[in-house]
Amino acid sequence: MTQHRSIHWFRKGLRLHDNPAFIKACEQASEIYPIFILDPWFAKSANCRVGINRWRFLLQALRDLDNSLKTLNLRLFVVRGNPNTELENLCQRWKISRLTFEVDTEPYAVKRDEEVERQMGEMGIEVIKSLSHTLFEPQRVIKVNGGSAPLTYQRFQTIASKLGPPPKPLDAPTLESLLGCKTLISDNHEKEFGVPTLTELGKDPKSCGPLLYPGGEKEALERMERQLKKTNWICSFEKPQTSPNSLTPSTTVLSPYLKFGCLSSRLFYHQLADMYKGKKHSQPPVSLHGQLLWREFFYTVASVTPNFDKMEGNPVCRQIPWQSNPDHLEKWANGQTGFPFIDAIMRQLRQEGWIHHLARHAVACFLTRGDLWISWEEGMTVFEELLLDADWSLNAANWMWLSASAFFHQYFRVYSPIAFGKKTDPNGDYIRKYVPEVKKFPSKYIFEPWTAPLSMQQTAGCVLGKDYPKPLVDHSVASKANISKMAAAYNAAKKDKLNNASQNGMTAQNGKKRKQNKKDGLVQKKLKFT
DNA sequence: ATCGACGTTGTTTCC
DNA sequence: GGGAAACAACGTCGA
């Protein structure tokens, strides 16, 4: 029997349960070296898009992983440096014969991993990859859909139902199942390979927000178990019925754990399925199963769409002439727009690293097609920095959705930064918590304090334009103007299609004939030609 | 081919 | 206060 020496490379998938690649690393192995590669230079660089709360979450997840590994006589190595260089060095140093990791379908990761595989091939090292981050293999979904990604949720659901239930999650390894496979560490392990502190990464721990969602697999499983105790709540869960502005989260907040892979989506899926069994329960898209399918849908599209996180060169994204406005963008990002509901959400995001999905809708619509007419790419970048659950595919997809650039097209449905929040928090308690400047206004004015008479502003200790900003725009004026701009952008896209049609392989005569036809008919014909 | 139903989560007004 | 219609009207899918 071969006695392998394995490296398991953790990236996402920061867990021991349902981790097939990790299990394979331990099979027929005498030694295993679990590693996580971190580039300290990246953490300190100016273009690093990871905020401090997100760093804290990651470091906690790594510490938790190391603790769990210790109970199995194993240890985690946090390797400082660039993946290609460090992997080569460590493989030589530890005389490695096998490298395992979880498949990551994000384009940058695919490219990185191809290079690593090539490198390992040259060194004669076996590479084993397992897919365990998503319920299904994106490529399989695409194949069943006829070679392209489904572009509507319904279509995705149809395909998913053809695939049957996702694979059952694997148990975490135990001392018994490891058969003596162990990690050998040196005396200066902590110094060379210990989990770094925030300070080591050049971050000031004092600038962290309150610790509401600690990182790690242990926290993930405990949080999931707490949610699963609420049978009725789980079975009747409907996302649109939950509140974006409750003082404690109205949803599970499992997203950060799913993003880092502290929790397996398959485990959560099957736990829900077991609970649903024999009971009346809500259905996708609004159910909890539905939420996992949304994740799956966006992962699938993102895995095959070029430039998925950009407008230009992105085939699923509508081209819209957004305008740059650094001042408005900065005020939006820092909760200084003068709309207390919007500002409360953006401040909660910055402080706590998590906001409700519908709160994301409100601020995303406001930044883009609703009020400020700023590109969704700008908003996506801010979310990427601040959200604990910032997930490349989901972040880009949802920003396209909210800006009516892809997937969602009813651009005339605009969230009101005043009215929307009143439905679930008429008293404005959420605003009072996160925007204390306006907390003394009566409920009638707290969503639009600029309408309060000056005497009331003075009584409330909050004079608009002095103690709290006046609103950046007049929402009813801006949203109406923006709806027309959206209509123009949609029309321009239609015209573009027509022009392409007459350029692509049509004779002048045909072109003339077709020009006389009705616009719609022409579009239909063009689609057949190309 | 054309038309109608539908789309996870809108707002305002009117009764 | 709860429900329905008006608002102005998108793309996608399937019969």
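Letters A, B, ... are given to chains in the order of the sequence lines, protein chains preceding strands, and every chain is numbered from 1.
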Checklist entry - Quick one: does NZ or CZ of A:Arg318 land under 6.0 Å from the six-membered ring centre of A:Tyr490, within 45 degrees of the ring axis? => result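 Because its charged atom sits under 6.0 Å from the ring centre and within 45° of the axis, A:Arg318 does stack over A:Tyr490.
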
Do the side-chain N and O atoms of [X] and [Y] include a donor-acceptor pair separated by under 3.5 angstrom?
X	Y	result
A:Asn245	A:Ser243	yes
A:Arg11	A:His133	no
A:Glu102	A:Ser132	yes

Show me the protein contacts with nucleotides 12-15 of chain C, counting only N or O atoms at under 3.5 Å.
none

Sticking with atom [atom1], work out how far [N] lies from [M], rounded to a whole angstrom.
N	M	atom1	value
C:dA5	B:dT8	P	23 Å
C:dC7	B:dC6	P	22 Å
C:dA8	B:dC14	P	14 Å
C:dT12	B:dA1	C1'	16 Å

Item to check | Helical stems, DNA chain B - three or more consecutive Watson-Crick or G-U wobble pairs below 3.5 Å | outcome: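 Consecutive-pair runs (3 or more) involving DNA chain B: B:2-7 with C:10-15, B:10-15 with C:2-7.
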
Next on the checklist: So, using ring-ring contact (aromatic ring centres under 6.0 Å, His included) as the criterion, who are the partners of A:Tyr276 when residues are at least two apart?
Outcome noted: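 A:Tyr276 satisfies ring-ring contact (aromatic ring centres under 6.0 Å, His included) with A:His281, A:His289 only.
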
Checklist entry - Looking at residues at least two apart in the chain, or sitting in another chain, which of them share a ring-ring contact (aromatic ring centres under 6.0 Å, His included) with A:His270? => result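 Testing A:His270 for ring-ring contact (aromatic ring centres under 6.0 Å, His included), a comparison that skips the adjacent residues, returns none.
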
Item to check | Presence of salt bridge, A:Arg432 and A:Glu437, under 4.0 angstrom | outcome: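 Salt bridge flag = no for A:Arg432 with A:Glu437.
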
Checklist entry - Can you find a pair of side-chain heavy atoms, one from A:Lys440 and one from A:Cys462, that are under 4.5 Å apart? => result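 Of all side-chain heavy-atom pairs linking A:Cys462 with A:Lys440, none is under 4.5 Å.
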
Checklist entry - Once the angle between the rings of A:Trp450 and A:Phe339 is folded into 0 to 90°, is it parallel (under 30°), tilted (30 to 60°) or perpendicular (over 60°)? => result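 Perpendicular, since the angle between the ring planes exceeds 60°.
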
Checklist outcome for this item: B/S/- along nucleotides 9-15 of chain B (protein heavy atoms under 4.0 Å) is BBSS---

Item to check | Nearest-Å distance for atom pair CD/C1', residues A:Gln157 and B:dG7 | outcome: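 Rounding to the nearest Å, CD of A:Gln157 and C1' of B:dG7 are 12 Å apart.
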
Next on the checklist: Does anything in residues 335-344 of chain A form a side chain to side chain donor-acceptor pair (under 3.5 Å)? List the pairs, not counting sequence neighbours.
Outcome noted: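 Of all non-adjacent pairs touching residues 335-344 of chain A, those that pass side chain to side chain donor-acceptor pair (under 3.5 Å) are A:Thr337-A:Asp343, A:Asp343-A:Tyr468.
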
